[in-house]
Amino acid sequence: MGAHDAARRPQVGAGHLNDRVARVVVDEPALEKPFDYLVPEHLGDQVRVGTLVRVPLHGRRVGGWVRELDVEPPARVALKPIAKVTGWGPAPELFDLAEWAARRWAGRLPHFLRTASPPAAVHGLPPAEVVTDVPVGPVDPLMGEALRRERSLLRLPPSADAYPLVLAAAALGPTLVVAPAHATAQLLASRLRRAGVPVALLPREWARAAAGARVVIGARAAAWAPVPDLAAVIVLDEHEEVHQEEASPTWNARDVAAERARRAGVPCVLTSPSPSLEALAWGELLAPDRSTERAAWPIVDVVDRAREDPLRTDLYSPKLVDLVRSGKRVVCVLNRKGRARLLACGSCGDLARCDRCGLTVAMDDDVLQCRACAATRPAVCLSCGSSKLKVRRLGTTRAREDLERLAGVPVGEVTGDTDALPDASVLVGTEAVLRRVDQADAVAFLDLDAELLAPRYRAAEQTMALVARAARLVGGKAGGGRLLLQTRLPRHEVVLAALHGDPARVAAAEAARREPLGWPPYTAMAHVSGAPAAEYVAALQGVQVMGPADGAWLVRAPDHEVLAHALAAVPRPPGRLRVAVDPLRL
DNA sequence: CGGACAAGCTGA
DNA sequence: CAGCTTGTCCGG
């Protein structure tokens, strides 16, 4: 472009009649209002809806996304030109989805647009790979059925492989797959690639996804990946909590992916060995026949610790010691995280529990207090009346030493902070060990009750998820996979569900417990905290506000529509307000 | 959000 | 009344 042309470029604020005008959402969370800018002629071919740009605003330069093109700017506003094109951004339909998500999880639009944008600037797209044909063999009838429906929840036992489902979906057209972990996505991506299916693995291959791949796959944020001509959506292990963002806004990739499929009018399949109540409420359940599913769960040994030896408070039953001595690859799980200390009766060994809600209680000024419902009672055992309560607190470090001594084999310890997996056939760890190890002969839960009785409303579901993850490491009954569950609650539905390979038992019990108490998914909840929380919740209308407890409030509404409406109706006071919709840990 | 500008507080 | 803090407004 010569100096002559440059001189004819519009001056700031001048605006030629035929200049295009772009409406831009700026990347300033506090600024909800979009601003209009001129599209300079030399950038014309690079500016589309979704493009990432830099624009002048109030004397500085900010990032933003082109929301709309050729808009009618408000009168009497001198438009400035877009300063720079940063690169490709979210596809137009993802803007609507981001707006929906911002409302659903009471977050800001730019937050979701950032998630839907490439991790590094993308200036051009690679050529789309040519799809010859997807090598899909005979499709499993259940998987085929799932893909014929608008939305289905496919209960795949722990040892089942989701790969054929992904392949069958890919035969329909471009498929979005959301996996619970990047490693899972990576593994599936390489299998697909070996089969000749063009794959984009997110987040790295954002540009490849935008150019058009047959399968776009990744963990949580991949729910926002570009997928031109989307034909199917799959969410693997929908029950996994990692699908939900921990920081506020606490959006869930399962829900985003499902909404995306609904908007695109394409089939959405959620898979899980033990579906969440949320998913059961969302779509139709498809499950293998009882005997098939049962066989795909491992052999389960239940050690009833109360019956075996009521006086024992240690964690090493003879069965466990035998297992550890057997020379097999054994993973022992002991979740020592959580500040709560468990109290056990010194006479009968029973755990001290709340007489109202059944959760474990803590000693507080010589009385027992329930952390869930705040009920108090005298410090005596409910089973035998003894007032001799002992604190039971065991960590993986201690368990490792004990096991090594008892079994006479080297034992390694694995927690969330462990870097390299210890080179030992027997491992003891927190639940992190179940993510770090992918194969074992047996998994033993040293103290399943610490999970079952955790003072959280989702405790049973969360425990079932852990058991399912353990079941995946050891495989089905045919391969000899074993789970050892040490518990004082052998009739608990989680124990029975594992024993019978029947996760519906947990769902039924959970539903019966939560519905009368008004817990999700029968209601919609938000946890509101931070300095301005008091002022904010006081102004909420049409919802139930509970609290404060520890400086935080719980907001409850009959459904998410009502909750989102109420949360959006009140302007946010200045300061750090945290709103966590669908809190998992209450 | 962050700059601009206006209204209020302090000090000599 | 300068010089500074604090508050409110607004951006294209």
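In what follows, chains carry the letters A, B, and so on, assigned in the order in which the sequence lines appear, proteins first and then strands, with residues in each chain numbered from 1. What you are looking at is a predicted structure, and each value in this text was computed from that prediction instead of being measured.
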Legend entry - Arg263(A), CZ atom: more than 12 neighbouring heavy atoms under 6.0 Å: yes
Legend entry - Any pair counted as ring-ring contact (aromatic ring centres under 6.0 Å, His included), so long as it reaches residues 46-90 of chain A, sequence neighbours left out: none
Inset, instruction - State whether Arg472(A) and Asp237(A) are salt-bridged, where the test is any N-O pair (Lys NZ or Arg NE/NH1/NH2 against Asp/Glu carboxylate O) under 4.0 Å. - result: yes
Legend entry - Intermediate values then yes/no, ring-ring contact (aromatic ring centres under 6.0 Å, His included), Trp100(A) and Trp251(A): CA-CA 11 Å; Trp100(A) 169 83; Trp251(A) 61 276; over 10 Å; no
Legend entry - Those residues of residues 50-66 of chain A lying under 4.0 Å from DNA chain B by at least one heavy atom: His58(A), Arg60(A)
Which donor-acceptor pairs under 3.5 Å do the side chains of residues 523-542 of chain A make with protein atoms, sequence neighbours left out?
from      : atom 1 : to        : atom 2 : distance (Å)
Thr523(A) : OG1    : Gly518(A) : O      : 2.7
Tyr536(A) : OH     : Leu567(A) : O      : 2.7

Legend entry - Residues in side-chain contact (heavy atoms from CB on, under 4.5 Å) contact with Glu451(A), at least two apart in sequence or another chain: Asn335(A), Thr463(A), Leu466(A)
Counting only pairs under 3.5 Å, give me each side-chain donor-acceptor contact of residues 214-232 of chain A, with atom names and distances, residues two or more places apart or in other chains.
from      : atom 1 : to        : atom 2 : distance (Å)
Arg214(A) : NE     : Ala170(A) : O      : 3.1
Arg214(A) : NH2    : Ala170(A) : O      : 3.3
Arg220(A) : NH1    : Val242(A) : O      : 2.8
Arg220(A) : NH1    : Gln244(A) : O      : 2.9

Inset, instruction - Please identify each residue that fulfils side-chain contact (heavy atoms from CB on, under 4.5 Å) with Glu93(A), with sequence neighbours left out. - result: Ala91(A)
Inset, instruction - Give a yes or no on this: more than 12 heavy atoms of other residues, nucleotides or ligands lie within 6.0 Å of atom CD of Glu150(A). - result: no
Inset, instruction - Using side-chain hydrogen bond (donor to acceptor under 3.5 Å, both in side chains) as the criterion, list what pairs up with Arg262(A), not counting sequence neighbours. - result: Glu259(A)
Inset, instruction - Please list residues of residues 25-34 of chain A whose heavy atoms come under 4.0 Å from any atom in DNA chain B, ordered by number; otherwise none. - result: Glu28(A), Ala30(A), Leu31(A)
Legend entry - Pairs meeting criterion side chain to side chain donor-acceptor pair (under 3.5 Å) with involvement of residues 561-579 of chain A, two or more places apart: Arg103(A)-Glu561(A)
Legend entry - 5' to 3' contact window, DNA chain C with chain A (heavy-atom distance under 4.0 Å): dC10(C) to dG12(C)
Inset, instruction - Please list, chain by chain and in numerical order, all residues satisfying side-chain contact (heavy atoms from CB on, under 4.5 Å) with Pro92(A), sequence neighbours excluded. - result: Val49(A)
Inset, instruction - Give the first and the last nucleotide of DNA chain B, reading 5' to 3', that has any atom under 4.0 Å from a heavy atom of chain A. - result: dC1(B) to dG3(B)
